[in-house]
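Working notes for the structure below.
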Protein chains: 4
Amino acid sequence: MSGLKKRSRGATVGVAPAETRRIGRPRNEETRKVILATTLKLLESETLQSISIEGIAREAGVSKATIYRWWSSKASIVLDAFMEHHLVRTPMRHDLPPAEALVDHIAALIDSYSGWAGRIVAQIIAEGQSDAALLREFRERFQYGRRAAVREVLESWRQQGGIPAHVDLELLTEVLYGPIYARLLLGSAALHRDFADQLASLVFSMFGLDNASGRRP
Amino acid sequence: MSGLKKRSRGATVGVAPAETRRIGRPRNEETRKVILATTLKLLESETLQSISIEGIAREAGVSKATIYRWWSSKASIVLDAFMEHHLVRTPMRHDLPPAEALVDHIAALIDSYSGWAGRIVAQIIAEGQSDAALLREFRERFQYGRRAAVREVLESWRQQGGIPAHVDLELLTEVLYGPIYARLLLGSAALHRDFADQLASLVFSMFGLDNASGRRP
Amino acid sequence: MSGLKKRSRGATVGVAPAETRRIGRPRNEETRKVILATTLKLLESETLQSISIEGIAREAGVSKATIYRWWSSKASIVLDAFMEHHLVRTPMRHDLPPAEALVDHIAALIDSYSGWAGRIVAQIIAEGQSDAALLREFRERFQYGRRAAVREVLESWRQQGGIPAHVDLELLTEVLYGPIYARLLLGSAALHRDFADQLASLVFSMFGLDNASGRRP
Amino acid sequence: MSGLKKRSRGATVGVAPAETRRIGRPRNEETRKVILATTLKLLESETLQSISIEGIAREAGVSKATIYRWWSSKASIVLDAFMEHHLVRTPMRHDLPPAEALVDHIAALIDSYSGWAGRIVAQIIAEGQSDAALLREFRERFQYGRRAAVREVLESWRQQGGIPAHVDLELLTEVLYGPIYARLLLGSAALHRDFADQLASLVFSMFGLDNASGRRP
DNA sequence: AGTTAATCGAGACGGTACGTCTAGTCTTATT
DNA sequence: AATAAGACTAGACGTACCGTCTCGATTAACT
């Protein structure tokens, strides 16, 4: 449940709080918040690499030990902070036909990644290259839900006859997401809105579908 | 000319040596080699992040100042070392039909990235997230030539009627490369040989082409 | 009363206990014992300097706050522990002639200080250099009684004609004890049994007394 | 050679400098001095225990690493600083008769130890209780010369017939010094000038000597 | 039986220092 | 010049304790 230091506390997401107050001085929720907020604030002007746990502690008016007690690395703080304060909103609309919902979703993702959020995600992934646990956590917290939603839409699209039976939907998802992450990380080209349309167009045209509707003409 | 420190020396690649011997003790070629070799050796057991210029100097029996004189960061040393000692060989075969040449090329790339080379490339890109110059250099030295070759093959394939006119070849290239880099950097799935086939299959099937030959049935 | 935190409990030295049981949960005697025992156990393998209140609490399975409630420093815990569990036995024998009783006593002291007890005493004195209260307490609890006993013996020896009238007995005590503490703390020479004999011999000879009996020949 | 970190530099005390300038940036003598001076300054208002290497570095405007490169502990810095800036002057006068020279010397020592120098010496010895190397170094640098000088005087005094042949001079030295260090470290009584006279008186009287001259009446 | 006062454990917290490490820069000597 | 050796500042690293604090649970004596 995040790159948090292992704490037996439990409290899995969604589960009823149960309020099993444990003995000992309780954790100060305010402290947790100020750490995450400070981290985000620092990230507005600095690189993940350039900020330090020392700096976060100093800026947040918090002891280093407190940070180390709860997080294992600065990247996992960022992960938490990012999830909490800036939860990327790239919903999958269920009121649109599959093709449109998909384009809408991808466009939102690209839009989000084209700015500040993209820089942060890129840096988390970068840190993940030398921190396997972080990378896994990133996948689980950022991608798991999203991928499932995309998968669902693709399924329903297929049922409407839009996608041939032999196409591997998982692979298709990778083909859609891959180029976006590649641009994000390699900086080979900017992440503009048009890129969403281009990507979709390509896929649509590949299936011989109409651009706008995703339906066979 | 790499992430080398700016040196007025010049000597652009390919220009005749001219042997403009300058005053003073000449640069020791041996030193340059031992630095690059040591760097690669260290990369076999350590992360790019975990190695330090201090460590390279120590291990190579070389002064830190000497390294700083010629390179601007450890990542640029790695770039040089990687290019020199391990030049990735993912040639584009011209004796095969376009579809096959493409699959062959992609398979070679995936194969290369599935091992040690992949880890290094991933780490260079990671470093590149906080070092724009490095990232640009990586693109220029690693991708420029490759992309051009792919482009060429795609063009000839189109001329043979394999790719519809409305498909943007540049975009198609991104769709082919993107998922590979995404897997490399996100670690969402392993880079196995089959992935090359799957990718190609998808693209082929998208154009309604035959799997094996890339020709319309 | 030891380096105990000031507690209104009272019980001034000598005053009748009166058993003024106060309201509230009474102090847990078990806890007190386990803290002292643990401290001694730790001192067997570690330096006073190297052990920490945190460590004592951890090892004793006791809350840090509990320790802080009753003692003001780790050295005062050691003082208590040392007094309680290892009360140094360097009695003054009253069945021997003064000279012999004295040598016996000094020999016992040296013997005691030559081992584990010596290391602890030395470390308490060391701590005392930056904790005046501790040093005073050490003097009161360790030396007060002993010095008085020595004084008594010296008096009776003088009455038997062994010590000239002009000799300051207090000073003589210092001359006997001083070299022992100096060796203990400076480590200039080992604290062997012979040292007791040498010391006594010197003093005896100074007064022109016979070595064995302390009587004038 | 002090608690200095082992450095192959050599330059044993007294040996001609030889000026074997070695390669590399030479040590900055200014830095060394400012560290020692700062340390002494801090010791005027703080305990050895309470000062920290961190604090010395901060106050001296010097990097911690520089301190750690040359000294192994704060106590060894103090030892150096004390030797350098405050070399205790307790000379042995050779123009006086042995008895007087001895009293003079002891009085000077007591005088010196009764103030600031005494506090520092006490604290070095205290630190030495958990740092054997430091204690040894203290003995060598502070006591070696002094003891030899005292020994010499005692020898000449004996030759003049003042000290009986059977008295162990080494032991006599301990009897003279011991009570001083005991008072210094136990704080049982103040180190006043009179103590020198009292000590001498006792010793003189022990040998049946005249107080003033150290000669038999 | 309920109140009150204290003890005690668990553990969070802001601090401070530890000793190590690396980045870069600088100084000197050597080639 | 270029290189080597190494001193130096600056500052982060992650750990360990410090002494204080909050909390819940416990334990008696006193209502």
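Note on naming: letters A, B, ... go to the chains in the order of the sequence lines (proteins, then strands), and numbering restarts at 1 for each one. In this text the structure is predicted, and so the values were computed from the model without any measurement.
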N/O (side chain, B:W70) to phosphate O (OP1/OP2, F:dA2) under 4.0 Å:
no
Protein-nucleotide distance (A:W71, atom CH2; F:dC13, atom P), rounded to Å
15 Å
Does the F:dG14 base have a donor-acceptor partner in the side chain of A:K64 within less than 3.5 Å?
yes
Is the shortest side-chain N/O distance from D:R69 to OP1 or OP2 of E:dT20 below 4.0 Å?
no
Counting any heavy atom closer than 4.0 Å, what does B:G55 reach on the DNA or RNA strands: base, sugar-phosphate only, or nothing?
nothing
How close or far is atom P of F:dG19 from atom CD1 of C:I67, stated in whole angstroms?
11 Å
Could you tell me whether A:R32 contacts a base, only the sugar-phosphate backbone, or nothing, with contacts defined as non-hydrogen atoms closer than 4.0 Å?
nothing
So for A:R25 and F:dC21, does any side-chain atom that can act as donor or acceptor lie under 3.5 Å from a complementary atom in the base?
yes
Are A:R58 and F:dA12 close enough that a side-chain N or O sits under 4.0 Å from OP1 or OP2?
yes
Name the residue closer to the 5' end of DNA chain F, choosing between A:I51 and D:N28 according to the nucleotide with the nearest heavy atom.
D:N28
Interatomic distance where CD belongs to C:E54 and C1' belongs to E:dA10 [whole Å]:
12 Å
It should be established whether B:S52 places a side-chain nitrogen or oxygen under 4.0 Å from OP1 or OP2 of nucleotide E:dT22.
yes
Which residue, A:S63 or C:S63, contacts DNA chain F at a nucleotide closer to its 5' end, judged by nearest heavy atom?
A:S63
Nearest-Å distance, CD (B:E29) to P (F:dA2)?
14 Å
With DNA chain E as reference, determine whether D:S50 or A:T31 sits nearer its 5' end, using the nearest nucleotide of each.
A:T31
Taking the six-membered ring of A:W71 (Phe, Tyr or Trp), confirm whether the NZ or CZ of A:R32 is under 6.0 Å from its centre and within 45° of its axis.
no
Would you indicate what D:T66 reaches in the nucleic acid, counting non-hydrogen atoms under 4.0 angstrom: base, sugar-phosphate, or nothing?
base
Please report, rounded to the nearest Å, how far the P atom of E:dT20 is from the CD1 atom of D:I53.
10 Å
What does C:A65 touch in the nucleic acid at a heavy-atom separation under 4.0 angstrom: a base, only the sugar-phosphate, or nothing?
base
